[in-house]
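Below, chains carry the letters A, B, ... as their sequence lines are ordered, and counting in each starts from 1. Fair warning: this is a prediction, and the values are worked out from it, not measured in the lab.
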Amino acid sequence: MLPIFEPVPESSRGESFYDAVYRTVRRIPHGRVTTYGHVAALSGKPRAARTVGWALHALPDGTDVPWHRVINARGGISIAKVGLPPGLQRALLEDEGVRFRLDGTVDLKRYGWTGPG
DNA sequence: ATAATGACTGGGG
DNA sequence: ACCCCAGCCATTA
């Protein structure tokens, strides 16, 4: 018989880079945003921006990780190809007070979070 | 172990 | 300024 609870995926021994990414993203303050590359750097892998996107892609619905506060280096939204509802990320950010430019980008100088300190 | 996969990025044209 | 592309790298779709 199958157990009622699925064990933790075999891939997650000790702590993966994904876990480090989630911890970093949880530190982004309400109403602020940061880039994939910056999350990667704060998580210990400055060149793993793409992997950060993959880590967020793996999050389940209803997660408490504020994935919507992560945008690309140009201030734009990058979830188009993932199947998430179009406009969802922008709506979540606007609910936190983040304003978008006419071209759909965010002013990183104003809303960008660059880490503690 | 190798290959494939991308929610990315910076630099060049 | 905008578009394109080669390089990037942890995880396994």
* To do: Tell me, please, which residues at least two apart from A/E94 pass side chain to side chain contact (heavy atoms under 4.5 Å, CB included).
  => A/R90, A/F100
Let me have the donor-acceptor pairs involving side chains of residues 110-117 of chain A, under 3.5 Å, with sequence neighbours excluded, atom names and distances please.
{"unit_1": "A/Y111", "atom_1": "OH", "unit_2": "A/R99", "atom_2": "N", "d": "3.3"}

* Asked: When rounded to the nearest 0.5 angstrom, what is the spacing between CG in A/L93 and NE2 in A/H30?
  -> 9.5 Å
* Asked: A/F17 CZ to B/dA7 P: how many Å, rounded?
  -> 16 Å
* Distance, rounded to the nearest Å, where A/D103 contributes CG and C/dA1 contributes C1' -> 11 Å
* Structure fact -> Between A/A48 and A/A55, the residue closer to the 5' end of DNA chain C by nearest nucleotide is A/A48
* To do: Identify, with sequence neighbours excluded, every residue that meets salt bridge (Lys or Arg N to Asp or Glu O under 4.0 Å) alongside A/R27.
  => none
* Asked: Does a side-chain heavy-atom distance below 4.5 Å link A/T34 with A/R69?
  -> no
* Name the closest nucleotide to the A/S16 side chain, picking from B/dT9, C/dT11, B/dA7. => C/dT11
* Among residues 23-45 of chain A, which residues get a heavy atom nearer than 4.0 Å to DNA chain B? -> A/T35, A/Y36, A/G37
* Given atom CG of A/L93 and atom P of B/dA7, what is their separation to the nearest angstrom? -> 18 Å
* **Polar side-chain atom of A/E96 near backbone of A/P29 as donor-acceptor pair, under 3.5 Å** => no
* **Pairs where residues 35-50 of chain A contributes a residue and the test side chain to side chain donor-acceptor pair (under 3.5 Å) is met, not counting sequence neighbours** => A/T24-A/S43
* Sequence neighbours excluded - side chain to side chain donor-acceptor pair (under 3.5 Å) pairs with any residue from residues 56-66 of chain A -> A/R26-A/D64
* Let me know, please, whether A/R50 or A/H57 comes out on the 5' side of the other along DNA chain C by nearest nucleotide. => A/R50
Let me check something: any side-chain donor-acceptor pairs from residues 72-87 of chain A under 3.5 Å, sequence neighbours excluded? List them with distances.
{"unit_1": "A/N72", "atom_1": "OD1", "unit_2": "A/R74", "atom_2": "N", "d": "2.9"}
{"unit_1": "A/N72", "atom_1": "OD1", "unit_2": "A/G75", "atom_2": "N", "d": "3.2"}
{"unit_1": "A/N72", "atom_1": "OD1", "unit_2": "A/G76", "atom_2": "N", "d": "2.9"}
{"unit_1": "A/N72", "atom_1": "ND2", "unit_2": "A/G76", "atom_2": "O", "d": "3.2"}
{"unit_1": "A/N72", "atom_1": "ND2", "unit_2": "A/S78", "atom_2": "OG", "d": "3.0"}

* Return the stems involving DNA chain C, sorted by first number, where pairs are Watson-Crick (N1-N3 with N6-O4 or O6-N4) or G-U wobble (N1-O2 and O6-N3), both under 3.5 Å, and runs are 3 or more long. => B:3-6 with C:9-12, B:8-13 with C:2-7
* State, to 0.1 Å, how close A/Y22 and A/A55 come at their nearest heavy-atom pair, and which atoms those are. => OH-O, 2.7 Å
* Would you say A/T51 reaches B/dG6's phosphate, i.e. side-chain N/O to OP1/OP2 under 4.0 Å? -> no
* **Listed partners of A/D107 passing salt bridge (Lys or Arg N to Asp or Glu O under 4.0 Å), at least two apart** => A/R101
* Asked: Among residues 71-92 of chain A, which residues get a heavy atom nearer than 4.0 Å to DNA chain B?
  -> A/N72, A/A73, A/R74, A/S78, A/I79, A/K81, A/V82
